[in-house]
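To start, the structure itself, in structure tokens.
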Amino acid sequence: VQLQASGGGLVQAGGSLRLSCVASGSSLSISHMGWYRQAPGKQRERVAMVSSNGYIDYGDFVKGRFTISRDDGENTVYLQMDSLIPEDTAVYYCNVLNRLRSYWGQGTLVTVSS
């Protein structure tokens with residue numbers, strides 16, 4: 001399984017970004033799709049996750065600012081991020097669970113300026 005993430009960039013505080021991650025490979029059977037992030041000097045933390053039956057979970061810090069969604073026909077997971085704050089600055093990684101194995105994308109950098 002290969003994951004290609006995109007959509008990161010530089011944005012001012014209060015702005016928005018939309019991240020996308022496309023999964024490709026043979027015999028895809030993806031259950032969970034999610035986003036994690038890692039800021040400099042900090043541990044990786046889960047931002048959001050969506051399961052194949054539609055269950056969604058967000059990190060406490062999201063506080064209604066982000067929305068995760070998935071398009072199973074396109075094997076794509078999205079993360080709409082609104083009301084961004086400087087503390088959201090991090091490398092964002094997509095993650096999928098395919099046939100009980102976990103796969104990671106290469107990461108996309110999000111920088112929020114104050």
Side-chain angles (χ1 to χ4, degrees):
V1 177
Q2 293 81 43
L3 301 176
Q4 182 65 49
S6 61
L10 174 65
V11 64
Q12 288 188 330
S16 299
L17 283 174
R18 189 188 194 211
L19 306 183
S20 302
C21 179
V22 181
S24 61
S26 59
S27 302
L28 290 178
S29 180
I30 298 173
S31 54
H32 294 68
M33 306 183 84
W35 290 93
Y36 289 70
R37 71 183 188 183
Q38 187 165 19
K42 295 188 176 182
Q43 289 188 331
R44 190 172 296 189
E45 60 183 351
R46 188 167 74 179
V47 178
M49 179 278 295
V50 54
S51 70
S52 55
N53 65 3
Y55 174 78
I56 291 175
D57 184 57
Y58 293 102
D60 290 341
F61 57 85
V62 170
K63 299 184 186 301
R65 301 180 296 124
F66 299 172
T67 303
I68 190 170
S69 61
R70 62 190 282 173
D71 182 337
D72 290 333
E74 299 293 330
N75 295 313
T76 301
V77 60
Y78 303 96
L79 185 68
Q80 175 67 40
M81 303 188 293
D82 300 314
S83 302
L84 285 161
I85 59 178
E87 290 77 13
D88 293 320
T89 295
V91 177
Y92 284 70
Y93 298 91
C94 60
N95 173 266
V96 302
L97 195 64
N98 183 74
R99 301 186 187 275
L100 301 182
R101 288 189 62 183
S102 179
Y103 297 86
W104 293 91
Q106 83 284 6
T108 184
L109 177 63
V110 172
T111 304
V112 184
S113 63
S114 57

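Note that the structure is a prediction, hence the values are computed from the model and not measured.
The closest side-chain heavy-atom distance from V110 to M81 is below 4.5 Å. Side-chain contact between N98 and S29: present, with at least one pair of heavy atoms (C-beta onward) separated by less than 4.5 Å.
For N95 (side chain) and W35 (main-chain N/O), no donor-acceptor pair under 3.5 Å exists by modelled atom type. A donor-acceptor pair is defined here as one N or O able to donate and one able to accept, closer than 3.5 Å; such a pair exists between the side chain of R65 and the backbone of V62. A donor-acceptor contact shorter than 3.5 Å links the side chain of S31 to the backbone of L97.
Partners of N53 under the side chain to side chain donor-acceptor pair (under 3.5 Å) rule, at least two apart in sequence or in another chain, are S51.
Going from atom CZ of R37 over to atom OG1 of T89 covers 9.0 Å, rounded to the nearest 0.5 Å. Note: D60 CG to R46 CZ = 10.5 Å, rounded to the nearest 0.5 Å.
The hydrophobic cluster containing F61 also contains L79, counting ILVMFWY residues as joined when their side-chain heavy atoms lie under 4.5 angstrom apart, directly or transitively. Note on V1 and V22: separate hydrophobic clusters, where clusters join Ile, Leu, Val, Met, Phe, Trp and Tyr whose side-chain heavy atoms are under 4.5 Å apart, directly or indirectly. Cluster annotation: V47 and I56 are assigned to the same hydrophobic cluster (Ile/Leu/Val/Met/Phe/Trp/Tyr, side-chain heavy-atom contacts under 4.5 Å, transitive). In this structure, L3 is a member of the same hydrophobic cluster as I30, with clusters built from ILVMFWY side-chain heavy atoms closer than 4.5 Å. Note on M49 and L19: separate hydrophobic clusters, where clusters join Ile, Leu, Val, Met, Phe, Trp and Tyr whose side-chain heavy atoms are under 4.5 Å apart, directly or indirectly.
Between L10 and S113, the closest heavy-atom pair is CD1-CB, 4.3 Å. What you find for P86 and A13 is that their closest heavy atoms are CD-CB, 4.1 Å.
Side-chain atoms of S24 and N75 include no donor-acceptor pair closer than 3.5 Å.
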Candidate pair S52 and R70, rule side chain to side chain contact (heavy atoms under 4.5 Å, CB included), full reasoning:
CA-CA 9 Å; S52 55; R70 62 190 282 173; 4.2 Å; yes
Evaluate the criterion side chain to side chain contact (heavy atoms under 4.5 Å, CB included) for residue pair F66 and I68; output intermediate values, then yes/no.
CA-CA 7 Å; F66 299 172; I68 190 170; over 6 Å; no
Stepwise side chain to side chain contact (heavy atoms under 4.5 Å, CB included) test for Q80 and S16
CA-CA 7 Å; Q80 175 67 40; S16 299; 3.9 Å; yes
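Residue pairs meeting the ring pair (Phe, Tyr, Trp, His ring centres under 6.0 Å) criterion with at least one member in residues 85-112, sequence neighbours excluded: Y36-W104.
Within 6.0 Å of atom CZ in R99, more than 12 heavy atoms from other residues, nucleotides or ligands are found, so the atom counts as buried in its surroundings. The local environment of CD in E74 is sparse, with at most 12 non-hydrogen atoms from other residues, nucleotides or ligands closer than 6.0 Å.
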